[in-house]
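Side chains are part of it too, since the values below use all heavy atoms of this structure and drop only hydrogens, waters and symmetry mates. Here the structure is a predicted model, which means the values were calculated and not measured.
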Amino acid sequence: FFATWCAPCKPEMANLRAARDRFDRDAVSIVSITAETDRDAVEHFWRRYRGTWPVVLDPDLEATRRYDVAGVPTTLVFAADGDRVLRHAGLASEEAIVEAIAEALDRGGGA
């Protein structure tokens, strides 16, 4: 979960991209979610910070409420069976993300 105005979300993009690049893309999926409604601002942010995975607008806060997100950035990593492996509020390091993805993959299936 991110926002275009969120200062820690900017380096988080690089951490997510670097972590993802360390795994088989067929085994790991990333989706970023924002509560913002300004598509132009989101697209500009996505291009500037080189988002290479899907981004979803959540203007009705359905996903935000479902995952009980109170601030951005919030990083969640799930195993293929839906079990949450990581919930991190604030800037998550590349290594923390990599460790969580590896744990999710060790449980079987994708992350």
Side-chain angles (χ1 to χ4, degrees):
F1 289 83
F2 79 101
T4 59
W5 47 262
C6 164
C9 293
K10 297 168 185 176
E12 185 81 342
M13 291 290 290
N15 292 347
L16 288 167
R17 191 173 46 259
R20 181 181 188 217
D21 288 347
R22 292 171 64 175
F23 296 92
D24 180 346
R25 287 188 181 220
D26 291 333
V28 177
S29 297
I30 295 179
V31 175
S32 289
I33 302 171
T34 182
E36 294 178 71
T37 58
D38 184 341
R39 289 181 183 273
D40 290 338
V42 173
E43 288 176 14
H44 175 73
F45 179 92
W46 218 241
R47 280 192 306 272
R48 182 170 183 187
Y49 295 100
R50 299 181 12 223
T52 58
W53 54 89
V55 61
V56 176
L57 302 182
D58 185 32
D60 296 327
L61 305 177
E62 291 178 37
T64 302
R65 284 190 202 102
R66 178 178 181 185
Y67 295 107
D68 195 29
V69 174
V72 290
T74 295
T75 302
L76 304 170
V77 175
F78 295 92
D81 63 5
D83 284 346
R84 189 175 66 216
V85 176
L86 174 71
R87 177 187 186 85
H88 184 92
L91 179 61
S93 70
E94 176 185 342
E95 285 307 313
I97 298 166
V98 166
E99 288 175 17
I101 293 171
E103 181 181 339
L105 291 171
D106 284 346
R107 292 185 183 191

Look at the side-chain heavy atoms of Ile, Leu, Val, Met, Phe, Trp and Tyr, link any pair under 4.5 Å apart, and say whether L57 and I30 land in one connected group.
yes
Let me check something: do V56 and F1 share a hydrophobic cluster, defined by ILVMFWY side-chain heavy atoms less than 4.5 Å apart, either directly or through other members?
yes
Electrostatic pair E12:R17 at N-O distance under 4.0 angstrom:
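No, E12 and R17 are not salt-bridged.
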Whether E103 and R107 form a salt bridge (side-chain N of Lys/Arg under 4.0 Å from carboxylate O of Asp/Glu) is what I want to check.
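Between E103 and R107 there is a salt bridge, with a charged N closer than 4.0 Å to a carboxylate O.
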Mind checking whether P11 and L91 have side chains closer than 4.5 Å, heavy atoms only?
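With C-beta onward as the side chain, the pair touches.
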Within the 3.5 Å criterion, strictly below it, is a donor on E36 or T34 matched to an acceptor on the partner's side chain?
yes
Do the side-chain N and O atoms of S29 and W53 include a donor-acceptor pair separated by under 3.5 angstrom?
no
For the [atom1] atom of [X] and the [atom2] atom of [Y], what is their distance to the nearest 0.5 Å?
| X | Y | atom1 | atom2 | result |
| --- | --- | --- | --- | --- |
| S32 | Y49 | OG | OH | 14.0 Å |
| R20 | N15 | CZ | CG | 15.0 Å |
| L16 | T75 | CG | OG1 | 5.5 Å |
| H88 | I97 | NE2 | CD1 | 8.0 Å |
| W5 | K10 | CH2 | NZ | 11.0 Å |
| R66 | E62 | CZ | CD | 10.0 Å |

Only one of T74, L76, D58 passes side-chain contact (heavy atoms from CB on, under 4.5 Å) with Y67; say which it is.
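Option passing the side-chain contact (heavy atoms from CB on, under 4.5 Å) with Y67: L76.
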Measure across [X] and [Y] and return the closest heavy-atom pair with its distance rounded to 0.1 Å.
| X | Y | value |
| --- | --- | --- |
| P73 | P8 | CD-CB, 3.8 Å |
| P59 | T37 | CB-CG2, 3.4 Å |
| V72 | A3 | CG2-CB, 3.9 Å |
| D26 | D24 | N-OD1, 2.8 Å |
| A96 | S93 | N-OG, 3.0 Å |

Show, in sequence, the C-alpha distance, side-chain angles and deciding distance for D83 and F78, and conclude whether the side chain to side chain contact (heavy atoms under 4.5 Å, CB included) test is met.
CA-CA 5 Å; D83 284 346; F78 295 92; over 6 Å; no
List the steps, then state whether side chain to side chain contact (heavy atoms under 4.5 Å, CB included) holds for R84 with V77.
CA-CA 6 Å; R84 189 175 66 216; V77 175; over 6 Å; no
Check the orientation of F2 and W46. Use parallel for under 30°, tilted for 30 to 60°, and perpendicular for over 60°.
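If you compare the ring of F2 with that of W46, the planes turn out tilted.
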If you apply the rule side chain to side chain contact (heavy atoms under 4.5 Å, CB included), what do you find for R87 with D68, and how did you get there?
CA-CA 10 Å; R87 177 187 186 85; D68 195 29; 4.2 Å; yes
Counting only N and O atoms by type, is there a donor-acceptor contact under 3.5 Å from the side chain of R65 to the main-chain atoms of D60?
yes
